[in-house]
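Ligands are counted one by one from 1 in listed order, and the atoms in each one are counted from 1 as well.
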Amino acid sequence: MSGEILLSVDDVSLSFGGVRAIADVSFDIRKGEVRAIIGPNGAGKTSMLNVVNGFYHPQKGEITYRGRTRARMKPHEAAEQGIARTFQNVALFKGMTTLDNIMTGRSLRMKRNIFWQALRHGPALDEEIKHRRVCEEIIDFLQIEHIRKTPVGALPYGLQKRVELGRALAMEPELLLLDEPMAGMNLEEKEDMSRFIVEANRLRGATIALIEHDMGVVMDLSDRVVVLEYGRKIADGVPDMVKSDQKVIDAYLGAGR
Ligand SMILES: Nc1ncnc2c1ncn2[C@@H]1O[C@H](COP(=O)(O)OP(=O)(O)OP(=O)(O)O)[C@@H](O)[C@H]1O
Ligand SMILES: [Mg+2]
């Protein structure tokens with residue numbers, strides 16, 4: 001990998017009361033890569049994404065994003081600077097349609113305030129039309145035209161995950177954080193999701209950090225893999241190297257996976 005470093009996490013530790021979720025972890029994400037974060041349940045993977053996008057504030061360590069170093073990110077800053085996120089448990093507005101959920105991903109990019117939007121007039125209307133066009137293009141890309149007007153609460157889980165990816169893509173992110181985007185999916189849904197992730201990376205230019213338990217998917221999609229166990233980093237490298245690392249094999253056998 002030759003890309004420049006987009007994000008680096010240096011010596012980060014995070015505890016919740018007595019529980020050490022992350023212990024002295026350092027790793028980086030290079031521009032343009034698909035970076036997997038793997039490890040047994042409770043290893044600290046989700047916590048790490050939460051540190052990267054500012055939901056959690058580490059007690060120790062630093063994060064450098066686009067060359068700027070800080071002890072903590074703030075969620076709104078992370079979003080404004082192009083970090084988008086999907087969640088392990090789908091976090092959408094269940095009563096709203098697919099299209100409206102994806103539109104919420106545009107909110108940071110909307111300049112006109114609620115007053116103008118309520119009038120649906122002049123510049124606000126032009127802006128809304130532009131945002132709608134971006135969202136319709138994403139709907140097209142994700143092949144979810146048939147559900148654009150369906151409330152997402154009525155959709156099967158696999159499609160909800162796809163809508164959530166759509167909302168994240170609507171932010172036109174530089175760095176896209178995906179927390180188990182294929183959990184609970186059947187084989188066909190996983191293949192579709194894999195393809196969307198690859199295309200988001202290659203065609204839409206998003207650098208991706210991906211948490212995933214399916215090793216086949218991880219080995220297929222990722223350029224480099226970081227492995228966590230009990231909050232510590234136990235391996236870091238290209239898939240082939242990580243796959244044959246004895247510490248990694250032991251961690252997974254120990255967890256019964
Ligand atoms: N908000 C929180 N409050 C207290 N403890 C937490 C919190 N979030 C995570 N933890 C603890 O931190 C540790 C790491 O959790 P985390 O969710 O990051 O693991 P994970 O690798 O994402 O696991 P999984 O594969 O099950 O999603 C666990 O022991 C968990 O119980
Ligand atoms: Mg998790």
Between Lys45 and Gln88, a side-chain donor and acceptor under 3.5 Å:
no
Would you kindly say whether Ser13 and Asp24 are connected by a side-chain donor-acceptor distance under 3.5 Å?
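Per modelled atom types, Ser13 and Asp24 side chains form a pair under 3.5 Å.
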Evaluate the side-chain contact (heavy atoms from CB on, under 4.5 Å) criterion for residues Leu7 and Tyr65: first the C-alpha distance (whole Å), next the side-chain angles of each, then the deciding distance (0.1 Å), finally the verdict.
CA-CA 4 Å; Leu7 177 117; Tyr65 177 62; 3.8 Å; yes
Using heavy atoms and a threshold below 4.0 Å, how should the contact between Glu180 and ligand 1 be classified: side chain, backbone, both, or neither?
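Looking at Glu180 and ligand 1, just side chain atoms fall under 4.0 Å.
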Side chain, backbone, both or neither: which applies to Tyr56 and ligand 1 if a contact is any heavy-atom pair less than 4.0 Å apart?
side chain
Criterion side-chain contact (heavy atoms from CB on, under 4.5 Å) on Arg106 and Glu172, from CA distance to verdict
CA-CA 9 Å; Arg106 298 298 298 171; Glu172 298 177 278; 2.9 Å; yes
Applying salt bridge (Lys or Arg N to Asp or Glu O under 4.0 Å), can you list everything that pairs with Glu199, at least two apart in sequence or on another chain?
none
Using the side-chain contact (heavy atoms from CB on, under 4.5 Å) rule, take Thr104 and Phe93 through it: C-alpha gap first, then chi angles, then the decisive distance, then the call.
CA-CA 9 Å; Thr104 64; Phe93 299 102; 4.0 Å; yes
Taking N or O atoms only and a 3.5 Å limit, does [X] qualify as a polar contact for ligand 1?
X     : value
Phe16 : no
Val19 : no
Gly42 : yes

Report the member of Ser47, Ala21, Ser15 with the shortest heavy-atom distance to atom 18 (O) of ligand 1.
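That would be Ser47.
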Taking only heavy atoms of Ala43, which atoms of ligand 1 are found under 4.0 Å from at least one of them?
19 (O), 20 (P), 21 (O)
Which atoms from ligand 1 have a heavy atom of Gln88 less than 4.0 Å away?
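Those atoms are 24 (P), 27 (O).
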Contact between ligand 1 and Arg20 is defined here as a heavy atom of the residue under 4.0 Å from a ligand atom; is it met?
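False for this residue.
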Report yes or no: does a heavy atom of His213 sit under 4.0 Å from some atom of ligand 1?
yes
Test: Arg85 cationic atom under 6.0 Å from Phe55 six-membered ring centre, within 45° of axis
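Because its charged atom misses either the 6.0 Å distance or the 45° angle limit, Arg85 does not stack over Phe55.
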Using the ring-ring contact (aromatic ring centres under 6.0 Å, His included) criterion, which residues pair with Phe27? Sequence neighbours excluded.
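Scan of Phe27 (ring-ring contact (aromatic ring centres under 6.0 Å, His included), adjacent residues dropped) gives none.
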The Mg ion (ligand 2) to Asn41: any N/O/S contact under 2.8 Å?
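Checking Asn41: none of its N, O or S atoms is under 2.8 Å.
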For a distance under 2.8 Å, tell me if Gln88 has an N/O/S atom near the Mg ion (ligand 2).
yes
